[in-house]
Amino acid sequence: MRRVTRNVILALLLVVAGLLALGALPSTLQSGDPYYLTAEEATESHAAVNVSNLSEQRFPYTTSAVRDGRSEPYYEGPFGLKEAFSHSPFDELAALRDRNPDAVDGEAVYVRDEGTVYRLTLTRTG
């Protein structure tokens, strides 16, 4: 019984360590040129998603783009591994598109923050 118990505990520890590694690994993977979410003040009138009360934890790329003009960089991971396990600006744009389909213009999404309308786009440098 001791040997079986020890093997089960070791197997569980290996599974937990593997899951923790998968959770931490995507943030360290960087390949290719970075993507940025950029916000430019819109000159034309357009339907927009209200982002004045967005959570910075749930929408870090959107909130930093509206605040600073450009978000932190997002690097794709090799073999699509990172996209499956991490949050991306692609996810945020999809969520904003779902909130108000009228605010979408091609690949851009119009957002409103405290009365100012911004045009959010995803850009890749390189």
Side-chain angles (χ1 to χ4, degrees):
M1 188 71 160
R2 284 180 170 250
R3 186 174 194 178
V4 172
T5 303
R6 185 190 70 193
N7 289 341
V8 168
I9 290 173
L10 285 175
L12 286 174
L13 287 174
L14 284 173
V15 167
V16 168
L19 290 173
L20 287 173
L22 281 176
L25 181 65
S27 63
T28 63
L29 294 176
Q30 294 183 0
S31 68
D33 298 323
Y35 285 93
Y36 294 93
L37 196 57
T38 57
E40 298 173 342
E41 196 169 326
T43 56
E44 70 275 358
S45 176
H46 202 284
V49 178
N50 184 7
V51 296
S52 298
N53 58 356
L54 284 185
S55 165
E56 194 167 341
Q57 291 179 338
R58 182 160 182 230
F59 290 90
Y61 296 102
T62 301
T63 55
S64 66
V66 168
R67 182 182 61 237
D68 304 326
R70 186 169 91 168
S71 69
E72 293 294 318
Y74 173 80
Y75 293 90
E76 288 183 308
F79 315 115
L81 177 66
K82 183 174 182 177
E83 291 81 11
F85 291 99
S86 68
H87 181 74
S88 73
F90 304 105
D91 299 329
E92 291 185 20
L93 284 177
L96 292 171
R97 287 183 183 115
D98 289 344
R99 284 183 180 214
N100 186 354
D102 294 333
V104 177
D105 182 24
E107 295 296 314
V109 177
Y110 287 87
V111 297
R112 178 176 290 106
D113 183 43
E114 298 181 10
T116 305
V117 176
Y118 297 95
R119 184 175 189 268
L120 286 180
T121 55
L122 195 61
T123 57
R124 186 173 189 176
T125 59

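Just the heavy atoms: all of them, side chains too, but no hydrogens, waters or symmetry mates, feed the values below.
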Notebook entry, point to check: Going through the checks in order, is the side-chain contact (heavy atoms from CB on, under 4.5 Å) test met by E92 and R97?
Noted result: CA-CA 9 Å; E92 291 185 20; R97 287 183 183 115; over 6 Å; no

Note to self: Within this structure, what is the OG-CZ distance for the pair S52 and R112, rounded to the nearest 0.5 Å?
What the structure shows: 8.5 Å

Next item on the list: Starting at CG of D113, measure out to CG of N50 and round the result to the nearest 0.5 Å.
Entry: 8.0 Å

Next item on the list: Carefully, step by step, assess V51 and L96 under the rule side-chain contact (heavy atoms from CB on, under 4.5 Å).
Entry: CA-CA 9 Å; V51 296; L96 292 171; 4.1 Å; yes

Where the side chain of [X] meets the backbone of [Y], is there a donor-acceptor pair that is under 3.5 Å apart?
X   : Y   : answer
T62 : F59 : no
D91 : S88 : yes
D68 : R70 : no

Margin query: My understanding is that a hydrophobic cluster links ILVMFWY residues whose side chain heavy atoms are under 4.5 Å apart, including indirect links. Using that, what else belongs to the cluster containing I9?
Written below: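 So far as hydrophobic clustering goes, I9 is joined with L13.
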
What heavy-atom pair brings [X] and [Y] nearest, and what distance separates the two atoms?
X   : Y   : value
P89 : L37 : CB-CB, 4.5 Å
P73 : P34 : CB-CB, 3.7 Å
R99 : L54 : NH1-CD2, 3.4 Å
A65 : A39 : O-CB, 3.4 Å
T63 : E56 : OG1-CG, 3.4 Å

Notebook entry, point to check: side-chain contact (heavy atoms from CB on, under 4.5 Å) between Y35 and Y61: does it pass, once the steps are laid out?
Noted result: CA-CA 10 Å; Y35 285 93; Y61 296 102; over 6 Å; no

Indicate every side-chain donor-acceptor pair of residues 114-123 with a distance under 3.5 Å to a residue at least two apart or in another chain.
unit_1 : atom_1 : unit_2 : atom_2 : d
R119   : NE     : Y110   : OH     : 3.4
T121   : OG1    : T38    : OG1    : 2.9
T123   : OG1    : Y36    : O      : 3.4

Next item on the list: With side-chain contact (heavy atoms from CB on, under 4.5 Å) as the test, would you mind laying out the steps for L14 and L12 before giving the verdict?
Entry: CA-CA 5 Å; L14 284 173; L12 286 174; over 6 Å; no

Note to self: I'd like to know whether CD of E44 has more than 12 heavy-atom contacts from other residues, nucleotides or ligands below 6.0 angstrom.
What the structure shows: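 Yes, CD of E44 has more than 12 neighbouring heavy atoms, counting only those of other groups under 6.0 Å.
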
